[in-house]
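This report concerns only the one structure given below.
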2 protein chains.
Amino acid sequence: MTSSVNPKDAPSAAPLGFQNHDHRACVAGALATAESRCAADGLRLTPVRRKVLELLLQEHRALGAYAILDLLREAGFGSQPPVAYRALEFLVENGFVHKVERLNAFVACAHPGRMHSPAFMICRLCEAVAEAPSAPARGAFGAAARAAGFQIERTVVEAEGVCPSCAAKGDA
Amino acid sequence: MTSSVNPKDAPSAAPLGFQNHDHRACVAGALATAESRCAADGLRLTPVRRKVLELLLQEHRALGAYAILDLLREAGFGSQPPVAYRALEFLVENGFVHKVERLNAFVACAHPGRMHSPAFMICRLCEAVAEAPSAPARGAFGAAARAAGFQIERTVVEAEGVCPSCAAKGDA
DNA sequence: CGCTACTTGTCATGATATTACATTTCAGTT
DNA sequence: AACTGAAATGTAATATCATGACAAGTAGCG
Ligand SMILES: [Zn+2]
Ligand SMILES: [Zn+2]
Ligand SMILES: [Zn+2]
Ligand SMILES: [Zn+2]
């Protein structure tokens, strides 16, 4: 969602998505969405899972599993890798979190509640990650896949580059 | 059309990966291309590097760094991880090999000699990997990136699914 | 309650990747 | 041919990412 870059919010030292936004609302909304959808679908958003989602939403950037694990430990949860990986598995399976393959890291979904195939823009300078909608199965690639007889089930689309904030710093 | 797998060994007009093709020519041609381009550009296609490229071309699928390392050891080269990773780094930097992020594995480039941004189709059943041309910076995603002010430098486009060969087996 | 499925905590291990440093090879120069 | 600096290689050690196995706790249910 890149409809408009709205500078109304905090000038912020925030490595957020790329545009400023009301991050408290962004976090609270996503958590609420996750809770209601879990309730609706009979999924169990347990304390660990909820905490991991909350951490990823608050950071608003991609975190490695071990970084998450450190934060979990600080919050009093288990500190062994499977604790983090299992929570992440649940969150990824149910679309609340995406894995960024390029970084071997995880990021909270920016468009929860809707089925979608994510595309990411990853700043190589500040490591900010923005999620854009994508429809890779349409377009030239999808046509090539159909021509080859390949049935696409899942796609990874990740662009590495420089975010507007870092570009401004660098050029200035 | 051309979606059917041709059982005879036809010269590959499209080195697309899932269809049959003259693999000996495919390997020899790619090696020759690599050699001539290295000669032209003053790059050193040393024995280890050439061997890694040859292994990837012959396998014609994605191999993990440690699988490559095993093959290198069998061929009498060094057997420590940096040996493989350094050869792969050279080959990736110079466009002879791509990394498949989704698999943490490497595959020989199917369109060497031309600057391009690869897109992959990965069969989850047989692990075949086909490379298609891609232009992700065009289309909706590129538009989103421009709208966000993000400068794309490199893209990862990988589709996971079922290749025509496995689909035929499964459906039949 | 007792049963079951699921979740969590933990230890151990496996898989992927990099750092550091000594040695060798190579291209260009003397 | 011998010298030299840059590049490449060999090797040990370590760092980072991820999973397997099993015991213990917990929610839902007859
Ligand atoms: Zn936010
Ligand atoms: Zn940035
Ligand atoms: Zn081939
Ligand atoms: Zn297949």
Side-chain angles (χ1 to χ4, degrees), chain A residues 34-35 38-39 41-56 61-94 96-107 122 127 129 156 158, chain B residues 34-35 38-53 55-56 62-94 96-107 122 127 156 158:
Chain A
E35 271 172 352
C38 283
D41 295 2
L43 302 170
R44 294 173 58 187
L45 190 62
T46 61
V48 196
R49 294 167 176 174
R50 197 193 137 97
K51 186 66 183 177
V52 170
L53 179 56
E54 187 188 333
L55 289 168
L56 285 172
R61 63 196 174 93
L63 292 180
Y66 280 68
I68 291 166
L69 190 54
D70 288 342
L71 296 170
L72 281 180
R73 176 171 23 239
E74 286 171 20
F77 294 91
S79 61
Q80 300 302 312
V83 174
Y85 280 102
R86 284 191 293 230
L88 289 166
E89 179 183 36
F90 170 88
L91 294 168
V92 169
E93 263 175 9
N94 295 109
F96 301 120
V97 164
H98 302 297
K99 179 168 187 181
V100 184
E101 299 288 346
R102 172 71 181 150
L103 303 176
N104 293 323
F106 300 84
V107 68
I122 307 163
E127 299 197 322
V129 175
V156 173
E158 300 175 3
Chain B
E35 270 172 353
C38 283
D41 295 2
L43 302 170
R44 293 172 59 186
L45 190 61
T46 61
V48 195
R49 293 167 177 175
R50 198 194 136 96
K51 186 66 182 177
V52 170
L53 179 56
L55 290 168
L56 285 171
L63 292 180
Y66 280 71
I68 291 167
L69 189 54
D70 288 343
L71 296 170
L72 282 180
R73 175 171 24 236
E74 287 172 19
F77 294 91
S79 62
Q80 298 300 314
V83 174
Y85 280 103
R86 284 192 291 230
L88 289 166
E89 179 183 35
F90 170 88
L91 294 168
V92 169
E93 265 176 8
N94 295 109
F96 302 119
V97 164
H98 303 297
K99 178 168 187 182
V100 183
E101 298 288 346
R102 171 69 181 151
L103 303 175
N104 293 323
F106 300 84
V107 69
I122 307 162
E127 300 197 321
V156 173
E158 299 174 4

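The sequence lines fix the lettering, A, B, ..., with proteins before strands; numbering per chain opens at 1. Atom set for the values below is all heavy atoms of this structure, side chains included, hydrogens, waters and symmetry mates excluded.
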**OP:** Output yes when at least one side-chain N/O atom of B:Thr46 is less than 4.0 Å from OP1 or OP2 of C:dT25, else no.
**Re:** no
Subject >> CD (A:Glu127) with more than 12 external heavy atoms under 6.0 Å >> reply: no
Original post:
Does A:Gln80 make a side-chain N or O approach to OP1 or OP2 of C:dG9 shorter than 4.0 Å?
Top reply: no
Original post:
At under 4.0 Å between heavy atoms, what does A:Arg49 touch on the DNA or RNA strands: base, sugar-phosphate, or nothing?
Top reply: sugar-phosphate
Original post:
Closest nucleotide of DNA chain D for B:Pro81 versus for B:Pro47: which of these residues is on the 5' side?
Top reply: B:Pro47
Subject >> Atom-pair distance (CG on A:Leu45; C1' on C:dT7), nearest Å >> reply: 13 Å
Original post:
So does B:Asn104 get a side-chain nitrogen or oxygen closer than 4.0 Å to the phosphate oxygens (OP1/OP2) of C:dA17?
Top reply: yes
Original post:
Looking only at side-chain N and O atoms, does A:Lys99 come under 4.0 Å of OP1 or OP2 in D:dA18?
Top reply: yes
Subject >> A:Gly78 versus A:Val83, closest heavy-atom pair with distance >> reply: O-CG1, 3.9 Å
Original post:
Can you tell me how far C1' of C:dG14 sits from CG of B:Leu69, to the nearest Å?
Top reply: 16 Å
Original post:
Would you find a donor on one side and an acceptor on the other, under 3.5 Å apart, between the side chain of A:Glu158 and the backbone of A:Val100?
Top reply: no
Original post:
When the distance from CD of A:Glu101 to C1' of C:dT16 is rounded to whole Å, what number comes out?
Top reply: 14 Å
**OP:** Could you tell me the separation between the CG atom of A:Asp70 and the C1' atom of D:dC17, rounded to a whole number of Å?
**Re:** 13 Å
**OP:** Output the distance between atom CZ (B:Phe90) and atom CG (B:Leu45), rounded to the nearest 0.5 Å.
**Re:** 6.0 Å
Original post:
Starting at OH of A:Tyr85 and ending at C1' of C:dT8, how long is that distance when rounded to a whole Å?
Top reply: 17 Å
Original post:
Once you round it to whole Å, what is the distance between P of C:dT24 and CZ of B:Arg44?
Top reply: 16 Å
**OP:** Please figure out whether B:Val48 or B:Pro82 has its closest DNA chain D nucleotide nearer the 5' end.
**Re:** B:Val48
**OP:** Assess whether one donor atom and one acceptor atom, taken from the side chain of A:Arg86 and the base of C:dG9, lie less than 3.5 Å apart.
**Re:** yes
**OP:** Of all the heavy-atom pairs spanning B:Val97 and B:Leu88, show the shortest one and how long it is.
**Re:** CG1-CD2, 4.4 Å
**OP:** Decide yes or no, distance alone: a donor-acceptor N/O pair under 3.5 angstrom between the base of D:dA18 and the side-chain of A:Tyr66.
**Re:** yes
